[in-house]
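Each chain gets a letter, A, B and so on, in the order its sequence line appears, and its residues count up from 1.
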2 protein chains.
Amino acid sequence: MELIQVDIVGLSTSPTSGGAYALVLGEIEGNRRLPIIIGAFEAQAIALELEKIQPPRPMTHDLLRDLFEAVGAEVLSVVIDELRDGTFYAKIRFVHNGRERQLDARPSDAVALAVRVDAPIFVAPAVMEEAGIPTEEGTGFPLSSESVEEEPQE
Amino acid sequence: MELIQVDIVGLSTSPTSGGAYALVLGEIEGNRRLPIIIGAFEAQAIALELEKIQPPRPMTHDLLRDLFEAVGAEVLSVVIDELRDGTFYAKIRFVHNGRERQLDARPSDAVALAVRVDAPIFVAPAVMEEAGIPTEEGTGFPLSSESVEEEPQE
């Protein structure tokens with residue numbers, strides 16, 4: 001079961017989403033996209049880093065990155081590995097004291113960390129098969145305000 | 001210069017605060033109180049733990065606590081040690097691999113972690129002298145919507 005590497009292809013909200021955002025992950029070698037509903041704070045945490053905005057003080061996910069660095073733990077990857085009862089689950093994989101470890105996390109926290117440490121983002125095939133949306137290459141993700149609310153939430 | 005131990009004595013907002021909250025720390029051996037303006041997300045992170053509400057999935061500060069645990073790092077205390085240009089600065093002090101370390105953090109993140117690991121919260125005397133508000137014992141903190149917006153922010 002080979003994991004599917006993805007990139008962030010979108011981060012969007014709609015007036016009817018109640019403050020939630022859709023984080024859209026796209027297959028690097030493929031055309032499926034995976035939308036995950038995340039909170040406004042977590043969306044901001046991802047957006048600040050994508051836009052290379054450096055807040056004057058460390059935000060919460062910067063502190064998380066700083067802790068990994070301070071204890072000499074290297075983040076290997078993050079993996080969205082499960083979708084259960086409409087909730088996505090993720091793992092942060094890292095090496096500490098020469099041993100490979102993982103931490104349970106919400107996909108939004110995992111991705112907000114991944115963009116800060118340049119770690120690859122993976123999705124388990126079963127998750128992509130269940131929640132991935134095929135798109136024609138280059139047409140972008142057909143996100144409407146309706147579809148945002150119908151997607152599984154983390 | 002002995003640090004002043006404090007407890008959380010309040011967490012409040014007002015209709016005119018623009019979504020910000022006042023985190024009020026009170027001296028354990030004394031009657032001064034230190035209000036710090038924090039964001040809504042950080043306030044929620046503190047409140048969830050104070051109310052002993054366990055969200056179904058780890059929130060961001062739970063993940064931070066989980067990482068400390070996973071790498072065998074013990075949080076000793078958090079210290080609000082500086083107030084500069086209206087911004088409060090804090091440190092998270094911890095032991096990792098037998099060595100004492102510290103991480104720069106915003107007071108809100110530091111306190112949200114402290115309540116999760118039962119670590120004491122300290123304030124540097126200079127910070128308390130500059131921003132602390134004396135109150136009569138037992139009368140509570142005289143927080144008005146006006147005072148919230150005039151306090152230094154983190």
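- Cluster membership for A/Phe41 and A/Ile37, using ILVMFWY side-chain heavy atoms within less than 4.5 angstrom, is not shared.
- Taken together through direct or relayed side-chain contacts under 4.5 Å among Ile, Leu, Val, Met, Phe, Trp and Tyr, B/Leu48 and B/Ile38 form parts of separate hydrophobic clusters.
- By the rule that hydrophobic residues join a cluster once side-chain heavy atoms approach within less than 4.5 Å of another member, A/Val78 and A/Leu11 end up as members of one cluster.
- Within residues 92-108 of chain A, the residues having any heavy atom closer than 4.5 Å to a heavy atom of chain B are A/Ile92, A/Phe94, A/His96, A/Asn97, A/Arg101, A/Leu103, A/Asp104, A/Ala105, A/Arg106, listed by residue number.
- Under the 4.5 Å side-chain heavy-atom criterion for ILVMFWY residues, no single connected hydrophobic cluster contains both A/Val6 and A/Leu76.
- The part of B/Ala90 that comes within reach of chain A is its backbone (N, CA, C, O), which places non-hydrogen atoms under 4.5 angstrom from that chain.
- Remark: B/Arg116 engages B/Asp62 in a side-chain hydrogen bond (donor to acceptor under 3.5 Å, both in side chains) (not counting sequence neighbours).
- At a heavy-atom cut-off of under 4.5 Å, chain B is reached by A/Asp66, A/Leu67, A/Phe68, A/Ala70, A/Val71 from residues 66-75 of chain A, listed in order of number.
- Annotation: residues 50-60 of chain A contacts chain B through A/Arg57, A/Pro58, A/Met59, A/Thr60 [non-hydrogen atoms, separation under 4.5 Å].
- Under the 4.5 Å side-chain heavy-atom criterion for Ile, Leu, Val, Met, Phe, Trp and Tyr, A/Ile121 and A/Tyr21 are members of the same hydrophobic cluster.
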